[in-house]
Amino acid sequence: MKGLKTFYICSECQYKTPKWMGKCPNCGAWNSFVEDVEEAPATASAPAPRRVSMIPTGEHRTVRFEELEIPEYLRQITGLGELDRVLGGGLVSGSVVLLSGEPGIGKSTLLMQICDALGDTRRVLYVSGEESGGQLKLRAKRLGIVGKNLYILTETNIEKILQEADKTKPDVIIIDSIQTVYSSGVNSTPGSVTQVKEAALTLINKAKGEGTSVIMVGHVNKEGSIAGPKVLEHMVDAVLYFEGERQQAYRIIRAIKNRYGPTNEIGVFEMTDRGLEEVENPSEMLLAGRPRSISGNCAVCTIEGTRPLIAEIQALVTQTAFPAPRRTTNGIDYNRMCLIIAVLEKRLGLKFWQNDVYLNVVGGLRLDEPASDVSVAMALISSMTDRVVPDDLIAIGELGLAGECRAVSNLEQRVREAARLGFAQAVVPFRNLEKRKPDIPGIRLIPIKGIYETLNLLQKQE
Ligand SMILES: Nc1ncnc2c1ncn2[C@@H]1O[C@H](COP(=O)(O)OP(=O)(O)OP(=O)(O)O)[C@@H](O)[C@H]1O
Ligand SMILES: [Mg+2]
């Protein structure tokens, strides 16, 4: 077609090239190029491309900083406490939220439940490009959702969606999913980078102009990042990831970005046949069914946002049959594990180079904090030596390269949570107790200066 130009675009970094390439020269991603078409640049006679602003109209003028007023963000409580926590206290009017997750993880279920919870006070328009009205009704029946104030639209053309929205006048628009939506003004297939971007921009315009909140689902590709342009993440106000192990019932929702709240909070749900149920006490859930007196297990306390979470680390150290031993991790950074193994080899003389190492955090939790180092190290030592970490012991502390145990933040909060869950001993960094020793009933603190001090805490396996 005249005026159209075919090109290839990297779905990770938006690098453009006229020819397909296997590896992006800009960001180094493999197989990330997708075909797209672009209209020729605007000439004097053709209209200029549409510009989209993320700021409400009428505010485009220079003002003195002192004259600016702090806006009062209107928050709508979604009714799902765990989600409200991740959003920073509810859904902000006029905000655009991108909800992403692997196929079948429960995104549509969560959205349906949000519709139900919001339905008491708000009008919600649920735009589905993937499921028919009947399928949605069937799910709603299973979840026990009546759908008061809920409007369903099975449409994928963004212009038509906006026309319908103008009629329905919803407070919240849900788009399931953004990859199915297309604009007739753009000449490329639905799901392509240009289409996804155009549809998202149109929705952002609507949200910012009219104060309507928009939640859109974004599918993730096999590498786990949101399929489509990375720029989508930059455009929206909040990016939420819904994750979990499909075989297990737990689902964790976390904010990767949030313009209206913190990003370190997580929300925990359990998938049941009646839908997602909030888990108010995740530590109890994560510790449920914990094996007793088995080598390789150690409890850990991590802080997720404002909330301490207790989980369990499991290590399996076995003799290797390979020239290069295997190392796999789940829930812990691979390089961090290698570092801890190197420290244990050098400082304690443990011969990990003869062994395969498998490391797992139970419950699909991800530990990013160095405060879990000592616990990982104790689980590794325990499996290596076939000696058991006492069931009532929890380990907290960061490991230095010299094998020293370094101080951590929020120690008291972590120990209190451990005591609440019935732990009777806590290995803690000596440095944390130098200034003040917290007095927490029911739990004995074992201050350590180095990882070697944990060796005599392990017990013989029965
Ligand atoms: N009858 C049921 N009982 C229990 N769990 C169910 C039942 N039906 C569906 N589920 C759960 O719901 C999940 C599918 O939920 P949902 O359709 O909301 O996921 P999704 O993330 O929207 O998927 P998609 O990527 O296909 O849009 C299933 O993987 C399953 O865990
Ligand atoms: Mg779905």
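Note that these values count all heavy atoms, side chains included, but never hydrogens, waters or copies made by symmetry. Numbering of ligands and ligand atoms starts at 1, following listing order. If you read the sequence from its start, that first residue is 1, and numbering goes on from there.
- When hydrogens are left out, the protein atom nearest atom 14 (C) of ligand 1 is G104 O, 3.7 Å; that is the closest non-hydrogen contact.
- For D273, no nitrogen or oxygen atom sits less than 3.5 Å from a nitrogen or oxygen atom of ligand 1, counting backbone and side chain alike.
- At least one N or O atom of S108, backbone or side chain, sits closer than 3.5 Å to an N or O atom of ligand 1.
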key: Derivation and outcome, side-chain hydrogen bond (donor to acceptor under 3.5 Å, both in side chains), residues E130 and T180   = CA-CA 7 Å; E130 298 185 346; T180 59; 5.2 Å; no
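- Of the N or O atoms in P103, none lie within a sub-3.5 Å distance of an N or O in ligand 1.
- From the protein, the heavy atom lying nearest to atom 19 (O) of ligand 1 is G106 N, 3.1 Å.
- In the vicinity of E130, heavy-atom distances shorter than 4.0 Å reach the ligand 1 atoms 27 (O).
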message = Would Y182 and N157 count as a side-chain contact (heavy atoms from CB on, under 4.5 Å) here? Give the steps.
response = CA-CA 5 Å; Y182 74 97; N157 182 301; 3.4 Å; yes
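- Contact annotation for atom 30 (C) of ligand 1: protein absent (non-hydrogen atoms, distance under 4.0 Å).
- Ligand 1 has H219 within reach: a non-hydrogen atom of the residue lies less than 4.0 Å from it.
- A salt bridge between E304 and R307 is absent, with no side-chain N of the basic residue lying under 4.0 Å from a carboxylate O of the acidic one.
- No N or O atom of M271 sits closer than 3.5 Å to an N or O atom of ligand 1.
- Under a 3.5 Å cut-off, the side chain of S382 and the backbone N or O of R387 do form a donor-acceptor pair.
- At least one donor-acceptor pair closer than 3.5 Å links the side chain of S375 to the backbone N or O of A299.
- Judged by the shortest distance from any of its heavy atoms, R251 lies inside the 4.0 Å radius around the atoms of ligand 1.
- With respect to atom 2 (C) of ligand 1, the closest heavy atom belonging to the protein is R142 NH1, 3.5 Å.
- At least one donor-acceptor pair closer than 3.5 Å links the side chain of K107 to the backbone N or O of G101.
- The backbone N or O of T168 sits less than 3.5 Å from a side-chain atom of R123, completing a donor-acceptor pair.
- Ionic pairing of E164 and K160 is not present here: no N-O contact between side-chain nitrogen and carboxylate oxygen is shorter than 4.0 angstrom.
- Between the side chains of S128 and D176, no donor-acceptor pair is found at a separation under 3.5 Å.
- The Mg ion (ligand 2) does not have S177 among its coordinating residues (no N/O/S atom, backbone or side chain, under 2.8 Å).
- Listed for the E82 side chain is a donor-acceptor partner under 3.5 Å among the backbone atoms of V268.
- The part of T272 lying near ligand 1 is the backbone, judged by heavy-atom distances below 4.0 Å.
- Ligand 1 does not have G101 within reach: every non-hydrogen atom of the residue lies 4.0 Å or more from it.
- At least one heavy atom of R139 sits closer than 4.0 Å to an atom of ligand 1.
- In terms of polar-atom proximity, defined here as any N/O pair under 3.5 Å, T109 does make such a contact with ligand 1.
- A donor-acceptor distance shorter than 3.5 angstrom exists from the side chain of Q195 to the backbone of V186, with no hydrogens or angles considered.
- Nearest protein neighbour of atom 20 (P) of ligand 1, counting heavy atoms only, is K107 N, 3.5 Å.
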